[in-house]
Amino acid sequence: MTSQFKTIGLIGKPNHHGTHLTLKRLIKWLCAQGFTVLVEDRVADEISTQVQAVDLLELGEQCDLAIVVGGDGNMLGAARVLSRFDISVIGVNRGNLGFLTDLPPEGFEDILQAVLQGEFETEHRFLLEAEVHRHGELKSCNTAVNEAALHPGKIAHMIEFEVYIDDKFMYSQRADGMIIATPTGSTAYSLSAGGAILTPNLEAMILVPMFPHTLSSRPIVIDAKSTITLVVSPHNGDNLDVSCDGHVHLSVLPGDKIIIKRSEDTLKLIHPKGHSYFHVLRNKLGWGSKLF
């Protein structure tokens, strides 16, 4: 098979029987097609494969294409690392909703073969970078594909903070927290909190207050080039968190400043030809079909 992809990395959800079956099937099929195959070391031992096992950073450095087998959570975890590299990423859905994982776990071969032969569409999804500053010093930082969310550490309760956009004061909030989401994340936590859906091609971010203490507080969409600053009131009594995609947690203390901006890294997500974002929305959200 003639393909622009030569070395393919496989990433999977650990300790998941269905994922293991799909990974084994992928390895056998891809090797038969003549591709060099690497497997992330977290799952390589679980599936007893003979192909080379590498960590996620090595996989990003050595591969042209990464296939993530699992749900959107697995895709998000891999994407935060793989976005640093010039690597294309596609997903096989072994999760629930699967907004980011296009290929079916059964009968994926024909679709994947077309993709490997160059019949695919490419999307570049931007990420967020979240930083926690304390007394003028950077204390911690991480990236997010979906969203960065400020919230109480363990028990939900109201917190106070100010919001600045490009150093201009926007408003103060008394709420359970604040979600800052990318278009990719607008169908995740942000959507559950009442935020609007942003199509992936938009260069925008959405801010969604969580259970605000005023009915006038509404989600707002801003330019993706903007820098968002959340200043946590020193009167908050408990420690807080900034969570990135619900996986990575940055500790926040009263008086800290959280800076959230567009990351320099982008995720190169590929889809089979004919992919329709609105078809995905209809299927995943149960929207109505055509009337005629």
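In this text the structure is predicted, and so the values were computed from the model without any measurement.
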Participant: Between H16 and T19, is there a donor-acceptor pair closer than 3.5 Å when you use the side chain of the first and the backbone of the second?
Facilitator: yes

Participant: Spell out, as yes or no, whether a donor-acceptor pair under 3.5 Å connects the side chain of S83 to the backbone of A79.
Facilitator: yes

Participant: Does a donor on one side chain and an acceptor on the other come within less than 3.5 Å for Q173 and S217?
Facilitator: yes

Participant: May I ask you to check whether F120 and F5 place their ring centres under 6.0 Å from each other?
Facilitator: yes

Participant: For L82 and A66, work out which heavy atoms get closest and say how close.
Facilitator: CD1-CB, 3.7 Å

Participant: Would you say the side chains of E160 and H235 form a donor-acceptor pair under 3.5 Å?
Facilitator: no

Participant: Taking the side chain as every heavy atom from C-beta outward, state whether V81 and R84 have any pair of such atoms under 4.5 Å apart.
Facilitator: yes

Participant: Would you check if there is a donor-acceptor pair between the side chains of D241 and S243 at a distance under 3.5 Å?
Facilitator: no

Participant: Start with the C-alpha distance between L269 and I90, add both sets of side-chain angles, then the distance that settles side-chain contact (heavy atoms from CB on, under 4.5 Å), and finish with yes or no.
Facilitator: CA-CA 6 Å; L269 194 63; I90 193 168; over 6 Å; no

Participant: Does I228 form a side-chain contact (heavy atoms from CB on, under 4.5 Å) with L207? I'd like the steps, not just the answer.
Facilitator: CA-CA 9 Å; I228 301 162; L207 285 72; 3.7 Å; yes

Participant: Hey, are E109 and R25 close enough for a salt bridge, meaning a charged N less than 4.0 Å from a carboxylate O?
Facilitator: yes

Participant: To the nearest 0.5 angstrom, please state how far the CD atom of E46 sits from the CG atom of N15.
Facilitator: 4.5 Å

Participant: Hey, does K257 have a side-chain heavy atom less than 4.5 Å from the side chain of E131?
Facilitator: no

Participant: Indicate yes or no: does R134 engage D256 in a salt bridge with an N to O separation below 4.0 Å.
Facilitator: yes

Participant: Which heavy atom in V37 sits nearest to a heavy atom in I27, and how many Å separate them?
Facilitator: CG1-CG1, 4.4 Å

Participant: Assign the ring pair H151 / H249 to parallel, tilted or perpendicular, where the plane angle (0 to 90°) is split at 30° and 60°.
Facilitator: perpendicular

Participant: Quick one about T266 and R125 (side-chain donor to acceptor, distance below 3.5 Å, no hydrogens or angles considered), yes or no?
Facilitator: no

Participant: Search all heavy atoms of A130 against all heavy atoms of L250 and return the closest pair with its distance.
Facilitator: O-CD1, 3.8 Å

Participant: Calculate, to the nearest 0.5 Å, the distance between atoms CD1 and CZ belonging to I159 and R174 respectively.
Facilitator: 11.0 Å

Participant: Does any donor atom in the side chain of H279 or S276 lie under 3.5 Å from an acceptor atom in the other side chain?
Facilitator: no

Participant: Counting only heavy atoms from other residues, nucleotides and ligands, does the tally under 6.0 Å from CD of E121 exceed 12?
Facilitator: yes

Participant: Do other residues, nucleotides or ligands put more than 12 heavy atoms under 6.0 Å from the NZ atom of K268?
Facilitator: yes

Participant: Please report the interatomic distance CG(L100) to CG(N93), rounded to the nearest 0.5 Å.
Facilitator: 10.0 Å

Participant: So how far is it from Q33 CD to I8 CD1, rounded to the nearest 0.5 Å?
Facilitator: 9.5 Å

Participant: If two hydrophobic side chains count as joined below 4.5 Å and joins carry through other members, does F161 share a cluster with I260?
Facilitator: yes

Participant: For H275, does the NE2 atom have more than 12 heavy-atom neighbours from other residues, nucleotides or ligands under 6.0 Å away?
Facilitator: yes

Participant: Any non-hydrogen side-chain atom of S88 less than 4.5 Å from a side-chain atom of I270?
Facilitator: yes

Participant: Decide yes or no for P272 and D102: does some side-chain heavy atom of the first lie under 4.5 Å from some side-chain heavy atom of the second?
Facilitator: yes

Participant: For H124, does the NE2 atom sit with more than 12 other heavy atoms under 6.0 Å from it, leaving out its own atoms?
Facilitator: yes

Participant: Just by distance, do the side chain of D245 and the backbone of N146 share a donor-acceptor pair under 3.5 Å?
Facilitator: yes

Participant: Dump the intermediate steps for salt bridge (charged side-chain N to carboxylate O under 4.0 Å, His left out) on K225 and D223, then the final yes or no.
Facilitator: CA-CA 5 Å; K225 295 190 293 291; D223 192 284; 3.3 Å; yes

Participant: Return the minimal non-hydrogen interatomic distance between A175 and M210, and the atom names on each side.
Facilitator: CB-O, 3.3 Å

Participant: Under the 3.5 angstrom rule, does the side chain of N236 hit a backbone N or O of S233 as a donor-acceptor pair?
Facilitator: yes

Participant: For the pair D64 (side chain) and K6 (backbone), establish whether a donor and an acceptor sit closer than 3.5 Å, ignoring hydrogens and angles.
Facilitator: yes

Participant: What's the spacing between L57 CG and F85 CZ if we round to 0.5 Å?
Facilitator: 5.0 Å

Participant: Side-chain contact, heavy-atom cut-off 4.5 Å: N283 with V280?
Facilitator: no

Participant: Are L150 and V231 connected, step by step, through hydrophobic side chains (Ile, Leu, Val, Met, Phe, Trp, Tyr) whose heavy atoms are closer than 4.5 Å?
Facilitator: no

Participant: Minimum heavy-atom separation for T143 and C244, please, with both atom names.
Facilitator: O-CB, 3.5 Å

Participant: Pair V232, I258 - check side-chain contact (heavy atoms from CB on, under 4.5 Å), show working.
Facilitator: CA-CA 8 Å; V232 179; I258 299 105; 3.5 Å; yes

Participant: Answer yes or no: is there a side-chain heavy-atom contact under 4.5 Å between V68 and T101?
Facilitator: no

Participant: Answer yes when R94 and E106 have at least one side-chain N-carboxylate O distance shorter than 4.0 Å, and no when they do not.
Facilitator: yes

Participant: With a 3.5 Å distance limit and no angle check, can you tell me whether D166 reaches the backbone of T227 through a side-chain donor-acceptor pair?
Facilitator: yes

Participant: With the 4.5 Å side-chain cut-off for hydrophobic clustering, are L21 and V43 part of the same group?
Facilitator: no

Participant: In Å and rounded to the nearest 0.5 Å, what is the CD to CD distance from E129 to E264?
Facilitator: 7.5 Å

Participant: Which pair of heavy atoms, one from S186 and one from P183, lies closest together, and at what distance?
Facilitator: OG-O, 2.7 Å

Participant: Step through the shown structure and confirm whether more than 12 heavy atoms of other residues, nucleotides or ligands are within 6.0 Å of CZ on F169.
Facilitator: yes

Participant: Carefully, step by step, assess L10 and L30 under the rule side-chain contact (heavy atoms from CB on, under 4.5 Å).
Facilitator: CA-CA 10 Å; L10 300 181; L30 290 168; 4.0 Å; yes

Participant: Does any part of the side chain of C63, heavy atoms only, come nearer than 4.5 Å to the side chain of V54, both counted from C-beta?
Facilitator: no

